[in-house]
Amino acid sequence: MRPVDPRLLRRARPARVFLAGSVLIGVATGLLVIVQAVLLARGISDVVLRDAGVGPVAWMLAAVIAVRAGLVWLQEVVAQRASAAVKSTLRRQVLEHSLKLGPAWLSGERSSRLTTLLTKGLDDLDPYFARYLPQLVLAATVPAGVIGWMATGDLIAAGTVLVTLPLIPVFMALVGWATQAHSRRRQRALEVLAHHFADVVSGLPTLKLFGRAKVQASAVRRVTDKHRAASMSTLRLAFMSSMVLELLASISVALVAVGVGLRLVEGRLGLETALMVLILAPEAYLPLRQVGAQFHASADGVAAAEEVLRVLETPLPVAGERADVPDLRRTPLYLHDVTVRYPDRSEPAVEGFDLELWPGEVVALTGRSGVGKSTLLAAILGFVTVERGVVVAGGSAADEFDPVLWRRQFGWVPQRPGLRVGTVADNVRLGRPDAADSQVRQALDAAGAAELALDTPVGEQGRLLSGGQQRRVALARALITEAPVLLLDEPTAGLDADTEATVIAGLRGTGRTVLLVAHRPTLLAAADRTVEVGARKSPIDRLVERELVTP
Ligand code: ADP
Ligand code: MG
């Protein structure tokens with residue numbers, strides 16, 4: 001882990017501003033530390049040697065202390081603001097970037113990982129900005145200034161500090177090195193534990209049903225016990241390592257003190273200088289020790305930031321820019337030799353697929369599960385990259401067009417309906433935000449969801465609706481768009497025969513082009529044409545295709 005990731009500074013302007021501000025505050029703090037020591041030394045020697053009052057010096061000292069307190073406050077305020085700004089910048093950037101990467105990239109476990117990362121994960125950046133970075137800046141500025149100033153009064157003391165100071169980072173590195181394997185093991189145990197808990201809780205009804213809940217409870221107890229023991233041993237290590245550092249710093253200061261004392265007795269050093277050096281010496285070690293303590297507190301945040309940067313550096317598929325998208329009300333859509341391979345899969349999800357889709361046609365895609373039907377719809381929508389072959393409309397490849405304009409040609413019902421929290425009407429209006437209530441009602445009726453009131457609550461991921469109802473709401477959402485082509489991924493799965501008949505009649509009534517993924521005979525019969533995905537082409541077909549179709 002690098003102390004400051006330059007990529008983070010490049011991505012997030014607030015972080016750059018913050019770092020610059022922290023350096024200013026750090027330099028000012030360093031100067032004030034020196035002034036404070038000088039004033040203290042002067043005040044004490046005035047009282048001891050000259051028997052004078054402490055009047056003006058005391059006031060100046062008070063002022064310096066007040067300004068130092070002010071700087072601490074300022075640093076805190078700046079850090080909180082910077083942290084909030086950086087987090088919101090990164091969150092926005094990741095959201096925008098992942099939207100551009102599309103649903104294929106986001107699918108599966110990645111979306112839940114991203115959710116954790118963008119919510120809790122990034123919050124761990126707070127200690128990084130509020131504690132670690134400012135401390136790091138202090139560690140770079142204060143010791144240098146302090147040693148420099150000490151050198152003007154007592155070269156030997158400055159030399160002692162200069163020699164012993166590097167011992168602190170060296171010992172920190174040694175301790176870190178020794179505990180690294182340990183803490184990594186514990187981290188892994190924690191992850192296992194988290195997954196185990198999540199699994200047990202989500203499977204609790206099943207466990208209860210089979211009378212295994214009690215057994216799980218004792219398993220959880222055993223695992224947590226082990227975890228507790230591991231945590232305690234890590235804590236022990238942490239305490240030990242901070243004690244080592246403490247001891248090291250104390251011994252170093254003692255070395256300086258002994259030297260200063262001897263020279264004072266021999267009369268080679270004035271009291272004021274000796275006091276100044278003694279007061280300054282611990283200040284040189286303090287920031288370095290604290291950096292070590294904050295390093296661990298901020299490690300999670302830095303890991304989260306690295307994960308974010310990894311997402312941001314995922315290259316985007318090159319998007320077309322042409323705005324003259326052909327009107328699919330009049331232009332047919334061709335898929336030619338379409339082959340799609342998901343990243344890190346050896347086998348293509350769909351290979352060499354051809355299709356013509358004429359305006360007004362209802363075409364059913366069939367084929368066993370996993371043969372690539374949903375992938376084909378995603379390829380038409382431009383959500384996955386076509387490895388070989390093309391999607392063509394009006395004589396141009398689909399990926400030449402601006403993806404946003406291209407997708408306006410399509411109403412899509414994904415295989416998983418993907419509803420949001422809100423009401424049924426809210427969800428349908430995603431298809432057309434300015435739709436009137438009557439239009440929403442009409443779309444719902446056409447989708448066979450006559451029984452659903454507009455203000456029926458939907459819940460997270462459609463949870464308050466049945467599976468069939470969710471699909472029909474999604475269908476209504478597609479129907480309400482004015483898109484000339486509807487791409488429907490198993491739109492009537494989970495519907496009873498009567499409702500299905502209504503829905504199909506509704507689809508035909510619109511006069512729009514429909515490409516639907518279907519299994520059921522009724523749905524297949526309602527289509528003008530059925531195309532099987534994954535059917536092997538005969539050699540003669542391949543030959544004809546190669547000779548006649550391929551340019
Ligand atoms: P169908 O809709 O015909 O059931 P899919 O198009 O969903 O099939 O999937 C086709 C193949 O691609 C399957 O083998 C599936 O495992 C794989 N697949 C689908 N989505 C992804 C994905 N996001 N990442 C990797 N592989 C995927
Ligand atoms: Mg599918």
Side-chain angles (χ1 to χ4, degrees), residues 94 97-115 117 310-311 314-317 333 335-355 357 362-391 398-399 403 407 410-419 461-462 467-468 470-475 477-478 485-495 500 503 507 514-521 523-524 527 529-537:
V94 169
H97 198 80
S98 51
L99 278 183
K100 285 188 197 143
L101 283 167
W105 181 85
L106 261 178
S107 68
E109 38 108 48
R110 202 179 261 133
S111 68
S112 59
R113 267 224 318 265
L114 202 63
T115 313
L117 177 64
R310 208 168 18 249
V311 172
T314 312
L316 289 178
L333 183 73
L335 271 65
H336 176 64
D337 195 27
V338 168
T339 302
V340 176
R341 190 190 309 268
Y342 286 100
D344 42 78
R345 289 286 169 109
S346 55
E347 290 294 303
V350 61
E351 189 171 19
F353 184 78
D354 298 313
L355 179 74
L357 193 61
V362 177
V363 174
L365 284 181
T366 65
R368 58 186 172 72
S369 176
V371 84
K373 304 181 294 295
S374 303
T375 303
L376 279 172
L377 298 193
I380 295 176
L381 288 162
F383 288 148
V384 293
T385 329
V386 177
E387 180 182 274
R388 200 181 73 211
V390 273
V391 178
D399 55 14
R407 283 171 202 149
F410 302 96
W412 180 41
V413 176
Q415 190 160 13
R416 251 174 282 164
L419 302 187
Q461 305 198 2
Q470 291 179 30
R471 278 175 195 286
R472 282 177 283 154
V473 172
L475 185 57
R477 185 177 63 189
V485 181
L486 297 178
L487 303 177
L488 312 178
D489 206 340
E490 309 190 22
T492 56
L495 297 196
E500 190 178 41
V503 170
L507 283 182
V514 178
L515 181 61
L516 57 85
V517 175
H519 293 291
R520 292 218 228 157
L523 214 50
L524 293 178
R529 194 148 67 79
T530 300
V531 176
E532 187 167 356
V533 184
R536 289 209 157 271
K537 287 182 190 170

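Indexing begins at 1, ligand by ligand and atom by atom, following the structure's order. Just so it is clear, the values below take in all heavy atoms, side chains as well, and ignore hydrogens, waters and symmetry mates.
In this structure, Gln415 CD and Leu377 CG are separated by 9.0 Å, a value rounded to the nearest 0.5 Å.
The Thr375 neighbourhood of ligand 1 comprises atoms 5 (P), 6 (O), 9 (O), 10 (C), with distances under 4.0 Å to a heavy atom of that residue. With ligand atoms numbered from 1 in the order given, ligand 1 contributes 4 (O) to contacts under 4.0 Å with heavy atoms of Ser369.
Where the criterion is an N or O separation shorter than 3.5 Å, residue side chain and backbone included, Gly372 meets it with respect to ligand 1.
Taking 4.5 Å as the limit, every side-chain heavy atom of Arg471 sits out of range of all side-chain heavy atoms of Val413. With contacts defined as side-chain heavy-atom distances shorter than 4.5 Å, the pair Leu507/Leu486 qualifies. Side-chain contact check for Asp337 versus Asp354: some heavy-atom pair is nearer than 4.5 Å. At least one side-chain heavy atom of Ile380 sits less than 4.5 Å from a side-chain heavy atom of Leu515.
Not a single donor-acceptor pair under 3.5 Å links the side chain of Thr366 to the backbone N or O of Ala518.
The closest protein non-hydrogen atom to atom 12 (O) of ligand 1 is Ala349 CB, 3.3 Å. Among all non-hydrogen protein atoms, the one lying nearest atom 18 (N) of ligand 1 is Tyr342 CE1, 3.4 Å. Among protein heavy atoms, the minimum distance from atom 23 (N) of ligand 1 is reached at Ser107 OG, 2.9 Å. When hydrogens are left out, the protein atom nearest atom 14 (O) of ligand 1 is Gly370 O, 3.7 Å; that is the closest non-hydrogen contact. Protein heavy atom at the shortest distance from atom 2 (O) of ligand 1 is Ser374 OG, 2.7 Å.
Rounded to 10°, the angle formed at the Mg ion (ligand 2) by Ser374 OG and Gln415 OE1 is 80°.
Counting only non-hydrogen atoms, the option in Arg345, Lys373, Glu347 that gets closest to atom 16 (O) of ligand 1 is Arg345.
Checked for salt-bridge contact, Lys373 and Asp489 miss the test: no charged N lies under 4.0 Å from a carboxylate O.
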